[in-house]
Amino acid sequence: MKPIIPVLLIALSGYVSAANLQPCVFTPKQTEQNPSPEIEVFHHCASYQNKHLEITDKHWRKLNFNENQLTTLFTQGQYFYLKPDRSYLSVITYDNGADYFQEGLTRSLLNGKIAFYNHDFELVLETDFDWAWPFQDGVARVCRGCVVTQVDEEHTGLTGGVWGYIDKQGNMIEPLN
């Protein structure tokens, strides 16, 4: 009986409960049947609970990784970057998709504040700012106390707070005003 238990544990370790599976959205790999894939909704695809993402093997095999060995997936109101080794990083939604990498960094929330990560999903810069724009020419516009507000049916904006600019080390280069 002992040899069976490890085998069962290994078999169950990648199992995702069907009851927890939700739809997910991604662009699948190119195939003969689908030579020009576009973004699709896949049902019974993924589970995201307690900050833990699980994707069914069936859907994992369909993921289309780019030259940086990254792909994006959306499920349960959250965008993720994924790697072939099944590591992932949740990122903020920006411009109707996953926050893009700019100057080698993407934004995510860490303890409710903006943080910057590299392509290896390594934390590069943890901040205490409520919002930060992507880095451009080595600086990012940041704010404390700003609040996301609905501008119209499709768009949100930021109001209030104090604003400034930081460099990639998190140093304030233009004070908050």
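Only this structure's heavy atoms are used, side chains among them; waters, hydrogens and symmetry mates stay out.
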Quick one: closest heavy-atom pair of [X] and [Y], and the distance?
X: Pro84; Y: Phe65; value: N-CE2, 3.5 Å
X: Ser90; Y: Ser108; value: O-OG, 2.6 Å
X: Ile55; Y: Ala46; value: CG1-CB, 4.2 Å

With rounding to the nearest 0.5 angstrom, report the [atom1] to [atom2] distance, [X] to [Y].
X: Trp133; Y: Gln102; atom1: CH2; atom2: CD; answer: 11.0 Å
X: Cys146; Y: Trp163; atom1: SG; atom2: CH2; answer: 4.5 Å
X: Cys45; Y: Lys62; atom1: SG; atom2: NZ; answer: 8.5 Å

I'd like to know if the side chain of [X] reaches the main chain of [Y], judged simply by a donor and an acceptor atom lying under 3.5 Å from each other, with no hydrogens or angles considered.
X: Asp99; Y: Ile92; answer: no
X: Thr127; Y: Ala115; answer: no
X: Gln169; Y: Asn171; answer: no

Solution key, residues 134-144 side-chain donor-acceptor pairs under 3.5 Å, sequence neighbours excluded:
from: Arg144; atom 1: NH2; to: Asp128; atom 2: OD1; distance (Å): 2.9
from: Arg144; atom 1: NH2; to: Asp128; atom 2: OD2; distance (Å): 3.1

Residue list, ring-ring contact (aromatic ring centres under 6.0 Å, His included) with Tyr88, at least two apart or on another chain: Phe80

With sequence neighbours excluded, residues passing ring-ring contact (aromatic ring centres under 6.0 Å, His included) with Tyr100: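 With neighbours one apart ignored, the set is Tyr94.
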
What about [X] and [Y], same hydrophobic cluster or not, with Ile/Leu/Val/Met/Phe/Trp/Tyr joined at side-chain heavy-atom distances under 4.5 Å?
X: Val147; Y: Phe129; result: no
X: Leu125; Y: Ile173; result: no
X: Val148; Y: Trp131; result: yes
X: Leu158; Y: Val151; result: no

Not counting sequence neighbours, which residues clear side chain to side chain contact (heavy atoms under 4.5 Å, CB included) with [X]? List them please.
X: Asp85; value: Lys83, Ser87
X: Ala98; value: Thr72, Tyr79, Tyr81, Val91
X: Asn68; value: Asn66, Leu70, His119
X: Glu122; value: Asn118, Asp120

4.5 Å side-chain heavy-atom contact, [X] and [Y]:
X: Val41; Y: Phe74; answer: no
X: Glu126; Y: Leu123; answer: yes
X: Leu73; Y: Leu63; answer: yes
X: Phe101; Y: Arg107; answer: no
X: Leu82; Y: Phe121; answer: no
X: His44; Y: Thr56; answer: no
X: Ile114; Y: Leu109; answer: yes
X: Ser47; Y: Leu53; answer: no

With sequence neighbours left out, what residues match [X] under side-chain hydrogen bond (donor to acceptor under 3.5 Å, both in side chains)?
X: Asn96; result: none
X: His52; result: Glu54
X: Lys29; result: none

Chi angles and distances behind the side chain to side chain contact (heavy atoms under 4.5 Å, CB included) call for Asn64, Gln30: CA-CA 8 Å; Asn64 184 22; Gln30 181 180 16; over 6 Å; no

Over 12 non-hydrogen atoms of neighbours within 6.0 angstrom of CD in Glu154: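 Open.
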
Salt bridge (charged side-chain N to carboxylate O under 4.0 Å, His left out) partners of Lys168, counting only residues at least two apart: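 Per chain and number, Lys168 pairs via salt bridge (charged side-chain N to carboxylate O under 4.0 Å, His left out) with Glu103.
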
Sequence neighbours excluded - salt bridge (Lys or Arg N to Asp or Glu O under 4.0 Å) pairs with any residue from residues 42-52: none

Ring centers of Phe26, Phe42 separated by less than 6.0 Å: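 Yes, ring centres under 6.0 Å apart.
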
Charged N-O contact under 4.0 Å between Arg86 and Asp57: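 The answer is yes: the pair qualifies as a salt bridge.
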
Test side chain to side chain contact (heavy atoms under 4.5 Å, CB included) applied to Glu40 and Val25, step by step: CA-CA 6 Å; Glu40 291 183 46; Val25 178; over 6 Å; no

